[in-house]
Amino acid sequence: MKLKLFPEKIITIRDTFFLTRKELAAITGFSEKTIFNWEHKKREPQNHQTLVILSSSLHIDIAYFLAETVDEKYLFQASRNFPGLPHDG
């Protein structure tokens, strides 16, 4: 499955939500090694189900992963439902 900017999107998610690879692995169920490989362009998701799991576990619209840009509006929307983040109101 060829996804444009997927490594950058994973890194942006970790940066936005202040997550380590270990924490992202615990939330999503993917291994730290898998996340490392995604971030370093060694591997990419092999099927649509991977994106479904990422989207649902992180409360991010699947469109974020399918888009051809890194659109942080999806992360802003998700941050309102993401546990452990400070919220404005």
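We use all heavy atoms of the structure for the numbers below, so side chains are in, but hydrogens, waters and symmetry mates are not.
- Residues L5 and L51 fall within the same hydrophobic cluster, defined by Ile, Leu, Val, Met, Phe, Trp and Tyr side chains chained together at heavy-atom separations under 4.5 Å.
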Q: Begin from the C-alpha positions of L24 and T20 and carry the test side-chain contact (heavy atoms from CB on, under 4.5 Å) through to its verdict.
A: CA-CA 6 Å; L24 183 57; T20 64; over 6 Å; no

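- L19 CG to I10 CD1: the interatomic distance, rounded to the nearest 0.5 Å, is 10.5 Å.
- With sequence neighbours excluded, the residues that form a salt bridge (charged side-chain N to carboxylate O under 4.0 Å, His left out) with E8 are K41.
- Transitive grouping of hydrophobic side chains (ILVMFWY, heavy atoms separated by less than 4.5 Å) keeps F36 and F18 in distinct clusters.
- Smallest separation of non-hydrogen atoms from F65 and L3: O-CD2, 3.9 Å.
- Under the 30°/60° scheme for interplanar angles, the aromatic rings of F6 and W38 are found to stand perpendicular.
- Closest approach of L54 to T28, counting heavy atoms only: CD2-CG2, 3.8 Å.
- Note that CG of N37 is 5.5 Å distant from NZ of K33, once rounded to the nearest 0.5 Å.
- Side-chain contact check for T50 versus Q46: every heavy-atom pair is 4.5 Å or farther apart.
- With hydrophobic clusters built from ILVMFWY side chains whose heavy atoms lie under 4.5 angstrom apart, F30 shares a cluster with I62.
- Across all non-hydrogen atoms, the minimal contact from H40 to R21 is CE1-NH2, 3.4 Å.
- For the pair A25 and S31, the tightest heavy-atom approach, listed with the atom from each and the gap, is CB-C, 4.0 Å.
- Under 4.0 Å is where a charged nitrogen must lie from a carboxylate oxygen, and between E39 and R14 at least one such pair does.
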Q: Please test Y64 against L58 for side-chain contact (heavy atoms from CB on, under 4.5 Å), starting from the C-alpha separation and ending with a verdict.
A: CA-CA 11 Å; Y64 172 74; L58 295 167; over 6 Å; no

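- Under a 3.5 Å cut-off, the side chain of E68 and the backbone N or O of L66 do not form any donor-acceptor pair.
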